[in-house]
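Keep in mind that this is a model prediction, so the values were computed, not measured.
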Amino acid sequence: MAKTIMITGGTGYIGAWLTKMLLEKGYTVRLTVRDKNRTEKYAPLQEIATSTGSSLDLYEADLLKDGSFDEAARGADAIMHIASPFILKVKDPQKDLIQPAVNGTRNVLGAASRSGSVKKVVLTSSIAAIMGDNVEMVEKGLSEIDETQFNTSSRPDNQPYQYSKVTAEKEAWKLHDAQTDWKLVVINPSFVMGPTLENIPSDSESLKFMKGMISGKFATGAPDLKFGFVDVRDVARAHVLALENDDASGRFLLAERATGVFDLAQLLTDEFGDKFKLPKSIAPKFLLYLTGWMFGVTFSFVKRNVGYDLKLNTSRSREILRLKYTDLKITVRDMVNQMS
Ligand code: NDP
C-alpha cells in the first residue's frame with residue numbers, strides 16, 4: 001500500500017513542488033491548508049492528483065491552533081513540516097513570525113507524537129537557523145559555513161524571521177530528543193529561487209526578491225551582498241530524498257552556490273540582455289547605509305552583511321542525500337521567464 005505523507009505548507013512556493021513530486025511518486029498525500037475556501041492555493045495540486053491517480057486529501061489546520069494537525073497526522077507514516085511564514089517586513093514579529101514558527105513546530109511535532117503512526121518528520125528549516133549575518137564567518141573564525149553551526153545573533157527585535165527559524169528548529173530537536181517514535185531530518189535551504197508551480201500565489205520573499213530585481217530595484221547599483229542560492233525544485237527533491245533515504249539524519253544545508261546579487265544579475269543579463277533594468281555595477285557600502293531603508297534593510301543589516309564573503313559547505317547534501325543541483329543560470333532563467 002502507498003505510504004501516507006502529511007504535508008504542512010504544501011500550498012506554498014516550496015511545498016507545492018514537493019506535493020507534486022510526492023503525488024507523482026504514488027504517495028497518498030494529506031495536505032493541510034489554513035482555509036479550504038482558498039481553492040486557488042491547491043486546485044492545481046488536485047489536478048495533478050487526478051492525472052497521476054494518487055490520493056490528495058485536504059485537512060484544515062493552522063499553526064496557531066493547538067491540536068489542529070492531530071487528525072491529519074493520525075495514521076500517517078511521515079510528516080513533511082514546511083509551513084512557516086517567510087516574510088521579512090512584519091508589524092508584530094511575535095505574532096506574525098515567531099509564534100507560527102515555534103508554536104506551529106510544537107503543534108505539528110506534537111501531532112506526530114500523538115499519531116501512533118508517524119515514523120519520520122522532515123522539517124524545512126533554513127540557512128537562517130545556521131547563521132544570522134554574513135560577518136559571522138569572520139567573527140567565528142570560520143573558513144566556511146556548514147551544518148555544525150547555529151545562528152546565535154538574531155533576536156526578536158533584530159532579524160525576527162531568522163530568529164523564528166533558529167528557535168523553531170531548536171525546539172524541533174528538543175522535541176525529537178525527548179521521544180523515540182519518530183526520526184527527524186532537517187533541511188536548511190539557502191535563498192530559494194526558481195518558478196512557482198502553476199503560478200500558485202505565494203507571499204514568499206523569494207518571489208518578491210526576483211520581482212524587485214527585474215523591475216529595477218537595484219538599477220542604481222547592486223548591494224555587495226552574498227547569498228547561497230538553490231533551485232526550488234531541488235529543495236523539493238531534497239525533501240523527497242530525506243524522506244526516502246534511511247541513512248539521512250541531522251541537518252542538510254542546501255545551496256548550488258554562494259554568490260553576490262550583482263553576479264546573479266549578470267546571469268540574467270547574459271540570458272535576457274537589456275530587457276530589464278538590471279544593475280550594471282556594485283553600490284558602495286556607504287551609499288547603502290543611507291539608502292538601505294528604501295530596500296527595507298536596517299543600518300545594522302548593512303553593517304553586518306554587506307561586503308562580507310560567504311562560503312558554504314554543502315557536501316552533506318551532495319554525498320548523503322545525493323542531491324544533484326540545477327545550475328543557477330537555469331534556475332533564474334526559468335523563474336524570470338515565468339514572471340515576464
Ligand atoms: P510560502 O509563503 O510560499 O509558504 C509558506 C507556507 O506556510 C504556505 O503554505 C502557508 O499557507 C503556510 N503557513 C503560513 N502560516 C501558516 C499558519 N499560521 N498555519 C498554517 N500554515 C501556514 O513560503 P516558502 O515556500 O518560500 O517557504 C516555506 C518554508 O521554507 C518556510 O518554512 C521558510 O522558512 C522555508 N525557507 C524558505 C526559503 C526561501 O528562500 N523561500 C529559504 C529557506 C527556508 P497558506 O497557503 O495558507 O498561506
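With salt bridges taken as basic N to acidic carboxylate O contacts below 4.0 Å, none links Arg155 and Asp157. Ionic pairing of Lys41 and Asp35 is not present here: no N-O contact between side-chain nitrogen and carboxylate oxygen is shorter than 4.0 angstrom. In summary, Asp57 and Arg30 do not engage in a salt bridge, as defined by a charged side-chain N under 4.0 Å from a carboxylate O. Under a 4.0 Å N-O distance rule, the pair Glu198/Lys20 does not qualify as a salt bridge. A salt bridge is absent between Glu271 and Lys329: the closest approach of a Lys/Arg side-chain nitrogen to an acidic carboxylate oxygen does not fall below 4.0 angstrom.
Ring planes of Phe191 and Phe229: parallel class, angle under 30° (limits at 30 and 60°).
More than 12 heavy atoms of other shown residues, nucleotides or ligands fall within 6.0 angstrom of atom CG in Asp92.
Through direct or indirect side-chain contacts shorter than 4.5 Å among Ile, Leu, Val, Met, Phe, Trp and Tyr, Leu287 is connected to Phe286.
Between Leu63 and Asn103, every side-chain heavy-atom pair lies at or beyond the 4.5 Å cut-off.
In terms of heavy atoms, Trp17 sits closest to Leu197 at NE1-N, 3.5 Å. Residues Ser153 and Gly132 approach most closely at OG-CA, 3.6 Å, considering heavy atoms.
Pairs engaging residues 310-320 under the side-chain hydrogen bond (donor to acceptor under 3.5 Å, both in side chains) rule: Glu144-Asn313, Asp309-Lys311, Asn313-Ser315, Thr314-Arg318, Ser317-Tyr325 [sequence neighbours left out].
Clustering ILVMFWY residues whenever any of their side-chain heavy atoms sit less than 4.5 angstrom apart, transitively, puts Met6 in a cluster other than the one holding Leu45.
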